[in-house]
Amino acid sequence: MSDCLFCKIAAGEIPSKKVYEDDLCYAFCDINPQAPTHFLVVPRAHIQSVSAVTEENAPVVGHIFAVIARLSEELGFAGSGYRVVSNIGEAGQQTVPHLHFHVLAGRDMTWPPG
Ligand code: AMP
Ligand code: ZN
């Protein structure tokens with residue numbers, strides 16, 4: 001999608017602090033971190049949110065979770081635990097309408113989230 005912030009970040013058209021990339025997804029540090037480690041993983045293809053996941057585009061979601069599991073090992077927070085969050089729509093407080101998974105680590109999380 002031409003006018004989408006995360007499409008542009010994944011394409012390298014807007015700078016970001018890269019954590020990981022492959023053909024299907026791009027991971028980068030959140031600009032406003034909420035934990036000592038806070039990065040976002042997005043599909044390169046534009047999908048609006050979890051609500052727009054279908055049987056056809058769902059494989060990239062599984063791939064992203066496999067990438068998160070691998071990064072959690074490589075970056076050293078798999079053992080201590082972490083949180084993966086995806087906000088959806090207005091009540092879910094989604095501010096960027098391109099599917100993204102927040103990965104938060106490095107502190108004890110609270111429950112329930114606000
Ligand atoms: P959400 O509110 O769940 O839609 O998450 C959007 C996230 O994107 C927020 O945590 C923002 O801090 C983050 N964000 C917005 N713009 C940028 C950017 N240019 N680079 C990195 N992270 C960003
Ligand atoms: Zn997009």
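Keep in mind the model is a prediction, meaning the values are calculated, not measured. Atoms within each ligand, like the ligands themselves, are counted from 1 in listed order.
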Original post:
At a non-hydrogen distance cut-off of under 4.0 Å, which region of Ser16 contacts ligand 1 (side chain, backbone, both, or neither)?
Top reply: neither

Original post:
Which residue and non-hydrogen atom of the protein lie closest to atom 1 (P) of ligand 1, and at what distance in Å?
Top reply: His100 NE2, 3.1 Å

**OP:** Tell me whether Ile68 is reachable from Val42 by hopping between hydrophobic residues (I, L, V, M, F, W, Y) whose side-chain heavy atoms are closer than 4.5 Å.
**Re:** no

Original post:
Are any side-chain N or O atoms of Gln94 and backbone N or O atoms of Gln48, one a donor and one an acceptor, separated by less than 3.5 Å?
Top reply: yes

Original post:
Taking atom 3 (O) of ligand 1 as the point of reference, which of Leu99, Leu104, Asn32, Asn87 owns the nearest heavy atom?
Top reply: Asn87

**OP:** For Leu5, counting its heavy atoms only, list the atoms of ligand 1 lying under 4.0 Å from any of them.
**Re:** 16 (N)

**OP:** Please could you name the atoms of ligand 1 that Gln94 approaches to less than 4.0 Å, counting only its heavy atoms?
**Re:** 4 (O)

Subject >> Minimum side-chain heavy-atom gap Leu99-Val61 below 4.5 Å >> reply: yes

Subject >> Side chain to side chain, Arg70 and Tyr20, heavy atoms closer than 4.5 Å >> reply: yes

**OP:** Please check if Val53 and Val67 belong to a single hydrophobic cluster, counting links between Ile, Leu, Val, Met, Phe, Trp and Tyr side chain heavy atoms closer than 4.5 Å.
**Re:** yes

Subject >> Closer than 2.8 Å to the Zn ion (ligand 2) - protein N, O or S atoms, ordered by chain and residue number >> reply: Cys4 SG, Cys7 SG, His46 ND1, His98 ND1

Subject >> Proximity flag Pro97 to ligand 1, non-hydrogen atoms under 4.0 Å >> reply: no

Subject >> Heavy-atom donor-acceptor pair, Arg107 side chain to Pro36 backbone, under 3.5 Å >> reply: no

Subject >> Atom of Ala27, atom of Val41 and distance for their closest heavy-atom approach >> reply: CB-CG2, 4.0 Å

Original post:
Which atom pair, heavy atoms only, marks the closest approach of Asn57 to Ala52?
Top reply: ND2-O, 3.1 Å

Original post:
With sequence neighbours excluded, what pairs up with Phe28 under the ring-ring contact (aromatic ring centres under 6.0 Å, His included) test?
Top reply: Phe6, Tyr26

**OP:** Any atoms of ligand 1 less than 4.0 Å from a non-hydrogen atom of His102? List them with their elements.
**Re:** 1 (P), 3 (O), 5 (O), 7 (C), 10 (O)

**OP:** Run the numbers for me: atoms of ligand 1, each under 4.0 Å from some heavy atom of Thr95, listed by number.
**Re:** 1 (P), 2 (O), 4 (O), 5 (O), 6 (C)

Original post:
Would you call the rings of His38 and His102 parallel, tilted or perpendicular if under 30° counts as parallel and over 60° as perpendicular?
Top reply: tilted

Original post:
Could an N or O of ligand 1 be found under 3.5 Å from any N or O of Val96, whether backbone or side chain?
Top reply: yes

Original post:
Which residue and non-hydrogen atom of the protein lie closest to atom 23 (C) of ligand 1, and at what distance in Å?
Top reply: Ile31 CG2, 3.5 Å

Subject >> Element-labelled atoms of ligand 1 that are located less than 4.0 Å from some non-hydrogen atom of Phe28 >> reply: 21 (C), 22 (N)

Original post:
What are the atoms of ligand 1, with element, lying closer than 4.0 Å to any heavy atom of Ile9?
Top reply: 18 (C), 19 (N), 20 (N)

Original post:
Among protein heavy atoms, which lies nearest atom 10 (O) of ligand 1, and at what distance?
Top reply: Asp30 OD2, 2.5 Å

Original post:
Distance-only, no hydrogens or angles: does the His100 side chain make a donor-acceptor pair with backbone N or O of His98 under 3.5 Å?
Top reply: yes

Original post:
Side chain, backbone, both or neither: which part of Ile14 comes within less than 4.0 Å of ligand 1 when only heavy atoms are counted?
Top reply: neither

Original post:
Do you know the tightest heavy-atom contact between Val19 and Phe39?
Top reply: CG2-CB, 3.9 Å

Original post:
Distance from Lys17 atom NZ to Asp30 atom CG, nearest 0.5 Å?
Top reply: 12.0 Å

Original post:
Which of the numbered atoms in ligand 1 are below 4.0 angstrom from a heavy atom of Phe6?
Top reply: 8 (O)

